[in-house]
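Everything on this sheet refers to the single structure shown next.
Reminder, nothing fancy here: chain letters follow the sequence lines and each chain counts from 1. FYI, side chains are in, hydrogens and waters are out, and symmetry mates aren't considered; it's all heavy atoms of this structure.
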2 protein chains.
Amino acid sequence: MATIKDIADVAGVSLATVSRVINNGPKVGDATRERVKKVMEELGYRPNANARALVTRKSASLGVVIAELLDPFFATLAHGIDAVARRQNVQILMSAGSIEKQTELKAIDTLLQHRCEAMVVHSKALDDKTLVEFAAQVPGFVLINRYIEDIGHRCVWLDNVAGGQTMARHMLSQGHKKFVVVSSKYQIDDPIQRLSGIRKELALSDIELPESHIEFSTPDQEGGEIAMRNLLARGIEFTAVLAYNDAMASGAMTLLQDHDVNVPTDVSIIGYDDVLLAKYCRPKLTTLHYPVEMMATKAADLALAYARGDVPDPSVTYKYTPTLVKRDSVMNRHAGQST
Amino acid sequence: MATIKDIADVAGVSLATVSRVINNGPKVGDATRERVKKVMEELGYRPNANARALVTRKSASLGVVIAELLDPFFATLAHGIDAVARRQNVQILMSAGSIEKQTELKAIDTLLQHRCEAMVVHSKALDDKTLVEFAAQVPGFVLINRYIEDIGHRCVWLDNVAGGQTMARHMLSQGHKKFVVVSSKYQIDDPIQRLSGIRKELALSDIELPESHIEFSTPDQEGGEIAMRNLLARGIEFTAVLAYNDAMASGAMTLLQDHDVNVPTDVSIIGYDDVLLAKYCRPKLTTLHYPVEMMATKAADLALAYARGDVPDPSVTYKYTPTLVKRDSVMNRHAGQST
DNA sequence: CTGTCTTATGTAAACCTTTCCCCTCAGTTC
DNA sequence: GAACTGAGGGGAAAGGTTTACATAAGACAG
């Protein structure tokens, strides 16, 4: 593959001049510029990104660590980041972290080996200290879906407690009094916070949520089915199901329907995330919208800005709040119709 | 960040020796090896991937070009590739091509700038010639979901004609005689081939498929709804819907249900791809399983193997065939029950 | 015509690794 | 004891680019 030197030789100029042309630098005569460009074209020249990164100590790439590409939630996340990367002409280095300590660590490490100075990281398995250390090393290290106070201005996160409250409040406003919760068995921040929000809100109405009314399972459709089966088997009476996410909600709903329990007439269900699935299950899922794509682009922009050395307004924080999306899986028990 | 030179100085050895330790090379005494390793540990040394790629002309990374991260089909594809990358200790460089000529071109170009010598490319917008040229330049250039004869041994693809035939054959076997097709409006190979397979199979039973029975729209749920709405508006009678993919099938199904048409009793629907959604929607979708994850890992393995200089058996080709997955969206009109 | 600016261009060092080739030294072999 | 062997280790070039610094040529004022 042609190098800058080949171009210089053919065009009869020095390496420096070619480099200036490539980078649209100043101090090059128009005639020379054109000639060099023409030669580059002819030889199919492509700058060597590695050499460039080596000498400039900048990588023109954005590292991304997410849990799991398969999950539509992360796919949306990746999509948002990709949009920014494309706009800013930056290559994405992607790794899945699987919410496992070793894997997440290795993913970040590899990114570091590439001297990637902007990264958007979704980490649930690593502890605060480790992440703060990485942040100290990498100027454009941005955390998504997690808040750590020490590096708060580099965290783009969702208020899950408020989310939990909103879910519960909506059900309460629709006249529901008997609740069960279908939660994730992975005890990372998210389910814990959402649950605490739920509890907080229910407490305001003097409703208690005994442990037996909460079932933990894998945060996917199958997990939702299993959790709901267990709840049913336990003979608990309820009219409202609060699910950890849309997948679990959908699974729970499927299982109820298989047991001839009508949704929402007999039992109402609310999800969380508002992924595509929410619109396409039947009945359509009432859920909380997680503005993940917006957050992803924000995180990517932020990472790239920090990497460039820009200092975004340090007073703003990047906390987002989920919003209620009313569809057809929740019924108003006062009025007797779904809302 | 510490460099090899720092390690050498502290450990009191030469650069060459440190390099040998890093690469587990020979010619290093046990004592020295240990000492160097210890120093590397202490200094938190991380090899510079860029410098390494520059000097070795190998990049230890795998380029991936896919259409669109949001699409669960591509998410699965990416997931399969990621598994291989992780196993082989290779970093993924990911770009979305959006099925647009310029974008796909640019994505590949960027990969090339990184001197990525293994890439898995999903391209629908670029012509054969362009791709063959790239393949000539990049040893590990592998095409997924596309077949080009000149580089047939570097294509991992699905037999879409056979897929179309299977869809039609299944519906015929269930006693269906009145067909409509919901296809993609993007006239790339896939919908054309699937449609031709359908036609071929129907012809065997002397059933014709007039143009008015085919509706083209975007290959997503909304497109499925729109297409079905148009078909209904046209007043066409049918009992079998053959959809371009699961998303369209699901959209079409939703619309039918909204019009009080029962699936599968009144109308049977078959999808294509067998993505997660097929299991989530109600009734569960009978569909063709596209072994995309298996194909993705195959493609990634192949790309990496070619990049290493290995020459896989040139006599084998990587053609896959979709298989029928029977769920609940198709009814047997002979027996009167869903199969 | 000399001196001073500008503008266009060239030279060479630096970025960090890998690897080829050379050197040294201790132990073997005859 | 000379010649050889092999292991452990070092020196230096190479890989492609950017950029600080140097240089050359022309423009222009005085």
Side-chain angles (χ1 to χ4, degrees), chain A residues 1-37 39-40 43-61 91 109-117 308-309, chain B residues 1-37 39-40 43-61 91 109-117 137 308:
Chain A
M1 181 149 293
T3 73
I4 228 179
K5 184 161 185 318
D6 300 327
I7 311 289
D9 290 348
V10 175
V13 294
S14 73
L15 302 185
T17 301
V18 178
S19 177
R20 288 188 192 105
V21 172
I22 293 171
N23 298 292
N24 278 312
K27 302 196 184 197
V28 180
D30 289 347
T32 314
R33 194 183 293 274
E34 284 318 308
R35 182 154 39 96
V36 171
K37 277 192 174 168
V39 176
M40 294 195 326
L43 269 57
Y45 172 73
R46 255 182 265 270
N48 184 321
N50 296 124
R52 197 180 258 193
L54 179 60
V55 69
T56 60
R57 286 114 147 218
K58 300 221 178 301
S59 79
S61 57
Q91 174 68 53
D109 187 82
T110 311
L111 258 21
L112 242 23
Q113 291 190 10
H114 283 261
R115 297 302 186 265
C116 193
E117 73 283 357
R308 265 195 308 273
Chain B
M1 182 151 292
T3 73
I4 230 179
K5 183 160 186 320
D6 300 326
I7 312 289
D9 291 348
V10 176
V13 295
S14 75
L15 301 185
T17 302
V18 178
S19 178
R20 288 186 193 108
V21 173
I22 294 170
N23 298 292
N24 278 313
K27 302 200 189 197
V28 180
D30 289 347
T32 314
R33 194 182 293 273
E34 284 317 309
R35 182 155 38 95
V36 171
K37 278 190 173 168
V39 176
M40 293 196 325
L43 269 57
Y45 172 72
R46 255 181 265 269
N48 183 321
N50 296 123
R52 198 180 254 190
L54 179 60
V55 68
T56 60
R57 284 105 156 246
K58 300 220 177 303
S59 80
S61 57
Q91 174 68 53
D109 187 83
T110 311
L111 258 22
L112 241 25
Q113 291 191 10
H114 283 263
R115 299 300 187 267
C116 195
E117 72 282 356
Q137 268 182 71
R308 265 195 308 272

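Regarding Gln113(A), its CD atom lies at a distance of 15 Å from the P atom of dC16(C), rounded to whole Å. Going from atom NE2 of His114(A) over to atom P of dC15(C) covers 21 Å, rounded to whole Å. Here dT18(C) presents its P atom at 12 Å from CG of Asn24(B), a figure rounded to the nearest Å. Straight-line distance from the CD atom of Glu34(B) to the P atom of dG9(D): 12 Å, rounded to whole Å. Following rounding to the nearest Å, Leu15(A) (CG) and dA22(D) (P) show an atom-to-atom distance of 19 Å. Distance CE (Met1(A)) to P (dT17(D)): 10 Å, rounded to an integer number of Å. Spacing between atom CD1 of Ile4(A) and atom P of dG10(C) amounts to 13 Å, rounded to whole angstrom units. If you measure from atom CG of Asp30(B) to atom C1' of dA7(D), you get 12 Å, rounded to the nearest angstrom.
Toward the 5′ end of DNA chain D lies the nearest nucleotide of Pro26(B), the other residue of the pair Val55(A) and Pro26(B) mapping further downstream.
Among the heavy atoms of the strands lying under 4.0 Å from Asn23(B) are primed sugar atoms or P, OP1, OP2 only; no base atom is included. In this structure, Val13(A) reaches the sugar-phosphate backbone alone: every heavy-atom distance under 4.0 Å involves primed, P, OP1 or OP2 atoms, never a base.
Residue Thr32(A) places its side chain closer to dT9(C) than to any other of dT17(D), dT9(C), dG10(D). Comparing dG10(D), dT17(D), dC16(C) by their closest approach to the side chain of Arg57(A) singles out dC16(C). Side-chain proximity of Thr17(A) to dC15(C), dT19(C), dG10(C): nearest is dG10(C). Which of dG10(D), dT9(C), dC16(C) sits closest to the side chain of Leu54(A) comes down to dC16(C).
A distance of 13.0 Å separates CZ of Arg52(B) from CG of Leu54(A), quoted to the nearest 0.5 Å.
Contact between the side-chain N/O atoms of Ser19(A) and the OP1/OP2 oxygens of dT18(D) is found at a separation under 4.0 Å. OP1 or OP2 of dT18(C) sits under 4.0 Å from a side-chain N or O of Arg52(B). Checking the phosphate oxygens (OP1, OP2) of dT17(C), a side-chain nitrogen or oxygen of Tyr45(B) falls inside 4.0 Å.
For the pair Glu117(B)/Ser59(B), a side-chain contact is recorded, criterion being any heavy-atom separation below 4.5 Å from C-beta on. Counting only heavy atoms from C-beta outward, the side chains of Thr17(A) and Arg33(A) never approach each other to under 4.5 Å. Counting heavy atoms from C-beta outward, Gln91(B) and Leu111(A) have side chains that approach closer than 4.5 Å.
Residue Val36(B) forms a side chain to side chain contact (heavy atoms under 4.5 Å, CB included) with just one option from Val18(B), Val28(B), Ile22(B), Val10(B), and that option is Val18(B).
The base of dG10(D) lies close enough to the side chain of Arg20(B) for a donor and an acceptor atom to sit less than 3.5 Å apart.
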